[in-house]
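Only this structure's heavy atoms are used, side chains among them; waters, hydrogens and symmetry mates stay out. The sequence lines fix the lettering, A, B, ..., with proteins before strands; numbering per chain opens at 1.
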2 protein chains.
Amino acid sequence: MTLHTSQTIIRKSLHHELVDRLQTLIINSELKPGGRVPEKELCDQFGVSRTPLREALKVLASDGLVRLEPNRGAWVTQVTEEEVEEVFPVLGALEALSGELACKHITDAEIEEVRALHADMIESYERRDLDAYFSINQKIHRAILTAARNGTLATSCQALSLRMQRARYLANMTDGRWFDAVQEHEKILQYLVARDGKQLAITLLKHMEAKRASVIKWLQSQ
Amino acid sequence: MTLHTSQTIIRKSLHHELVDRLQTLIINSELKPGGRVPEKELCDQFGVSRTPLREALKVLASDGLVRLEPNRGAWVTQVTEEEVEEVFPVLGALEALSGELACKHITDAEIEEVRALHADMIESYERRDLDAYFSINQKIHRAILTAARNGTLATSCQALSLRMQRARYLANMTDGRWFDAVQEHEKILQYLVARDGKQLAITLLKHMEAKRASVIKWLQSQ
DNA sequence: CAGCGTAATTTTGAATTCATAATTATGTCA
DNA sequence: TGACATAATTATGAATTCAAAATTACGCTG
């Protein structure tokens, strides 16, 4: 049984629902990086007691989204330069693997899906619609992960992606970087269509490295 | 109630300590794969209430070591063929990366440490002391991870390793496989000493692939 | 008024309680 | 006896309670 399956089964429990909700709050910066997690407030807001909320916080802490300080509660973690330098290489290795596996398993229908997403993404780029661009971008990466047919890989990738999605760093691209990213995605599609796993892996790795550099640059400009 | 002083938990964050303890119980098969997690018994054994124990179970569930069934409690997950086929490729990619990074950062002193561990491991092999062999084997892999200077990578690797360490599958090697594994480790040491990241990565990847095949073979023989 | 020490309040960590779901035990009837 | 329905028991999920720690408020001294 895969991890994904087991998570689907337990979806109904309160604490799991809270994990999802808190993740969303953190990614949308409704809970500010570096800020306190207001336990009581959130309990009131969600209409639950502290027990399931605190269970959810323990899970989020093990995923690195919050930090638990003994007797001082939970704090939203901040994206630091050191963390970015750590996470992107790992994410690169995992995305590279996902590219290789995807080329082995992807169906023609799935390739068409990615092609359609890619076209939409290009259109968003031409409209300079950053929100739409990023939303579709994520869908493409997720589609490749799905095609890789490896739930463990998908879970690991998404956990690390989440950590990088805190705050809006990734959305802050210069015009030049945005253009380059689109070019990289052209190659990604091309190698996926050709089912060239080796080249796709290399391209995804470079893509992640470029993203790392871009995020670091942004962090240093702050 | 009897106080089990030596086992009673004294550290500050109770749930964290419990995560560790439960992991150990699961890895040592003191909690049997596929079996129920006896909440009340464990509470008595550890001298804690259900609240922190249940918090720990939520974390273990998100790591894939237990499965939570609504209204039916926690169950120790079993290592399945499917899971092995998922986890080892991911672990391979991560270990390969750790090898590459380790070659970049490892100090001479650290190399000497690994060399000493390697010698001990060979000695254990010659004595056919499987327990000692595996213990040292893990120390070597951990030393390489440490040398990689990437905490995120280390955490990810260790989480996946844990999932494969449930039950004693890995310890069930044929004589032939054991010999091959030792040969692979000779190459690992050699490339590490030479600080040849590329070759070390390739070797570690192959090492993981061989381990995967060995575990699958064992699972199928059951 | 600033700085410091102490009391009041709030927050946290963990035990306890309580309603409900699941499991087991008991009793009935063919 | 064995299948089934129902009662008793147990376990679970979540709210509540409680002691201890941390934070804030207050008042005193200089």
**Prompt:** Which parts of nucleotides 13-18 of chain D does protein reach within less than 4.0 Å, heavy atoms only, written one letter per nucleotide 5' to 3' as B for base, S for sugar-phosphate only and - for none?
**Reply:** BBBB--
**Message:** How many whole angstroms separate atom CG of A:L57 from atom P of C:dT12?
**Reply:** 10 Å
Atom pairs and distances, side-chain donor-acceptor, residues 87-98 of chain A, under 3.5 Å, sequence neighbours left out:
{"unit_1": "A:E95", "atom_1": "OE1", "unit_2": "A:H141", "atom_2": "ND1", "d": "3.0"}
{"unit_1": "A:S98", "atom_1": "OG", "unit_2": "A:E95", "atom_2": "O", "d": "3.0"}

**Message:** What is the distance, to the nearest angstrom, from the CZ atom on B:F46 to the P atom on C:dA14?
**Reply:** 15 Å
**Request:** State which residues pass side-chain hydrogen bond (donor to acceptor under 3.5 Å, both in side chains) with A:R142; sequence neighbours excluded, sorted by chain then number.
**Result:** none
**Item:** Partners passing side-chain hydrogen bond (donor to acceptor under 3.5 Å, both in side chains) against A:D129 (at least two apart in sequence or in another chain)
**Value:** A:R127
**Asked** C:dG13 P sits how many Å from A:K40 NZ, rounded?
**Response** 16 Å
**Request:** Kindly write out the residues that satisfy salt bridge (Lys or Arg N to Asp or Glu O under 4.0 Å) with A:E100, not counting sequence neighbours, or none if the list is empty.
**Result:** A:K198
**Message:** Heavy-atom count check: over 12 atoms from other residues, nucleotides or ligands less than 6.0 Å from B:E41 CD?
**Reply:** no
**Item:** Bend angle of the helix from C:dC1-D:dG30 to C:dA30-D:dT1, from helix axes over five pairs at each end, nearest 10°
**Value:** 10°
**Message:** Run the side-chain hydrogen bond (donor to acceptor under 3.5 Å, both in side chains) test against A:Q220 and tell me which residues pass, sequence neighbours left out.
**Reply:** A:E81
**Asked** What pairs with A:E69 under salt bridge (Lys or Arg N to Asp or Glu O under 4.0 Å), at least two apart in sequence or on another chain?
**Response** A:R67, A:R72
**Short side-chain N/O contact to C:dT12 OP1/OP2 from A:R36, under 4.0 Å** = yes
**Complete:** So ring-ring contact (aromatic ring centres under 6.0 Å, His included) across residues 59-82 of chain B, not counting sequence neighbours, yields none
